[in-house]
Number of protein chains: 2
Amino acid sequence: MTATSPAEGHRYRIGDLCKEFDVTPRTVRYYESCGILRPERRGQARIFNEGDRVRLRLALRGRRLGFSLGEVREMLDLYDQEGGEVAQLERTLAYGRQKIAELEERRREAEEALKELETWQHLLTRRLQEARGTKAGDERAKGDGKHGRA
Amino acid sequence: MTATSPAEGHRYRIGDLCKEFDVTPRTVRYYESCGILRPERRGQARIFNEGDRVRLRLALRGRRLGFSLGEVREMLDLYDQEGGEVAQLERTLAYGRQKIAELEERRREAEEALKELETWQHLLTRRLQEARGTKAGDERAKGDGKHGRA
DNA sequence: TATGACGTTTACGTAAGCGTCAATCGTTGC
DNA sequence: GCAACGATTGACGCTTACGTAAACGTCATA
């Protein structure tokens with residue numbers, strides 16, 4: 001889909017993508033060298049299309065989730081599987097199921113870590129209030145006033 | 001809590017932790033050098049306690065979620081903030097809130113990636129069935145039978 | 001025309017996170 | 001007493017994911 005739509009809309013220069021996603025040109029070029037982005041060329045200059053933009057967004061998300069650029073590339077390539085042999089489709093599907101399982105694991109781990117950090121935060125908040133109470137009006141008078149509660 | 005409980009229960013050698021979490025001794029020692037683990041010593045040998053075990057589990061989870069060992073260490077150190085100055089407690093709380101926000105972002109991103117991969121998988125599954133249909137009874141006869149339809 | 005702003009290639013540098021030796025030490029079972 | 005096994009300390013190596021510097025092209029604007 002992303003790579004085969006006829007007459008894609010916008011074109012982007014490298015600087016456009018860099019500003020939008022807050023990355024350096026080096027990163028974009030490196031992602032191209034990994035096969036994650038496949039810009040056309042006008043002379044030497046890279047011309048990115050909407051598909052590249054989507055892939056960059058997905059790639060950065062994948063990185064934040066702890067996947068390597070190699071894995072990111074494999075996952076992105078899933079979208080480009082246009083038919084082909086049944087055996088190949090089945091292998092692709094199996095790989096996809098594996099990655100889905102890994103993503104579910106990530107989500108679970110994020111939730112667990114979140115719970116623990118929140119529990120800790122409540123404890124620390126209580127300790128903070130005790131500390132303020134101990135030090136009496138001193139801290140409350142100058143430090144507080146606009147913090148409300150959170 | 002984890003580091004200050006009096007009379008901790010079990011003690012672990014490095015090999016015990018390695019087997020339980022499927023990591024190499026190198027990793028465990030490296031984590032110690034980062035300040036993530038703080039085993040006692042009996043002579044040269046490292047003796048890990050329950051707290052170390054918990055910290056290792058949390059550290060590995062953090063790594064899978066895309067955090068650096070430095071960040072992991074800072075997060076783990078949150079648990080060791082035993083009282084102290086109000087200003088310090090407030091800084092710690094602020095850092096905790098930031099990390100909580102980052103974790104929520106990770107969870108959100110994991111969910112989005114999950115949705116997209118699942119959507120893709122359904123499409124590919126349909127294409128696979130079409131491909132099987134095209135090849136007629138050949139593939140269905142030997143490959144199918146328990147897949148029902150989905 | 002020249003002066004930025006933006007882009008390019010080439011290539012070496014670097015930080016993180018371990019892997020992989022080699023040499024050595026300490027306990028444990030026989 | 002001694003071999004085997006697990007652990008330890010260096011120390012160097014490696015991969016990933018870029019950073020960074022040099023030297024140069026291109027295009028619009030002043």
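Just so it is clear: chains get the letters A, B, ... in the order the sequence lines come, proteins before strands, and each one is counted from 1.
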(message) Does either side chain, that of B:Q88 or that of B:T92, offer a donor lying less than 3.5 Å from an acceptor on the other one?
(response) yes

(message) I'd like to know if the side chain of B:R132 pairs up with that of B:Q129 as donor and acceptor (distance under 3.5 Å, no hydrogens or angles considered).
(response) no

(request) Provide the start and end nucleotides, 5' to 3', of the part of DNA chain D that has atoms under 4.0 Å from heavy atoms of chain A. (result) D:dA17 to D:dT20

(message) Once side-chain hydrogen bond (donor to acceptor under 3.5 Å, both in side chains) is applied, do any residues pair with A:E109, and if so which ones, sequence neighbours excluded?
(response) B:R64

Could you give the [atom1]-to-[atom2] distance, from [X] to [N], as a whole number of Å?
{"X": "A:F48", "N": "C:dC6", "atom1": "CZ", "atom2": "C1'", "answer": "13 Å"}
{"X": "A:L17", "N": "C:dT8", "atom1": "CG", "atom2": "P", "answer": "11 Å"}
{"X": "A:E32", "N": "C:dG7", "atom1": "CD", "atom2": "P", "answer": "14 Å"}

(request) Run through A:R46, A:R73, A:R55 and flag the one making a salt bridge (Lys or Arg N to Asp or Glu O under 4.0 Å) with A:E32. (result) A:R46

(request) Would you classify A:R42 as touching base, sugar-phosphate or nothing, given that sugar-phosphate means primed atoms plus P, OP1 and OP2, and contacts are heavy atoms under 4.0 Å? (result) nothing

(message) Considering every strand and a 4.0 Å limit on heavy-atom distances, what is the contact class for B:R46: base, sugar-phosphate, or nothing?
(response) sugar-phosphate

(request) Taking the six-membered ring of A:Y31 (Phe, Tyr or Trp), confirm whether the NZ or CZ of A:R63 is under 6.0 Å from its centre and within 45° of its axis. (result) no

(message) For a quick test of reading the model, state the closest non-hydrogen atom pair linking A:Y12 to A:E50 and the distance between them.
(response) OH-OE1, 2.7 Å

(request) For nucleotides 16-24 of chain C, just jot down a letter per nucleotide in 5' to 3' order: B, S or -, based on protein non-hydrogen atoms under 4.0 Å. (result) -BBBB----

(request) Answer yes when B:E116 and A:R61 have at least one side-chain N-carboxylate O distance shorter than 4.0 Å, and no when they do not. (result) yes

(message) Tell me whether B:L69 shares a hydrophobic cluster with B:Y95, the cluster being built from Ile, Leu, Val, Met, Phe, Trp, Tyr side chains joined at under 4.5 Å.
(response) yes

(request) Considering just the side-chain nitrogens and oxygens of A:R13, establish if one lies under 4.0 Å of OP1 or OP2 belonging to C:dA5. (result) no

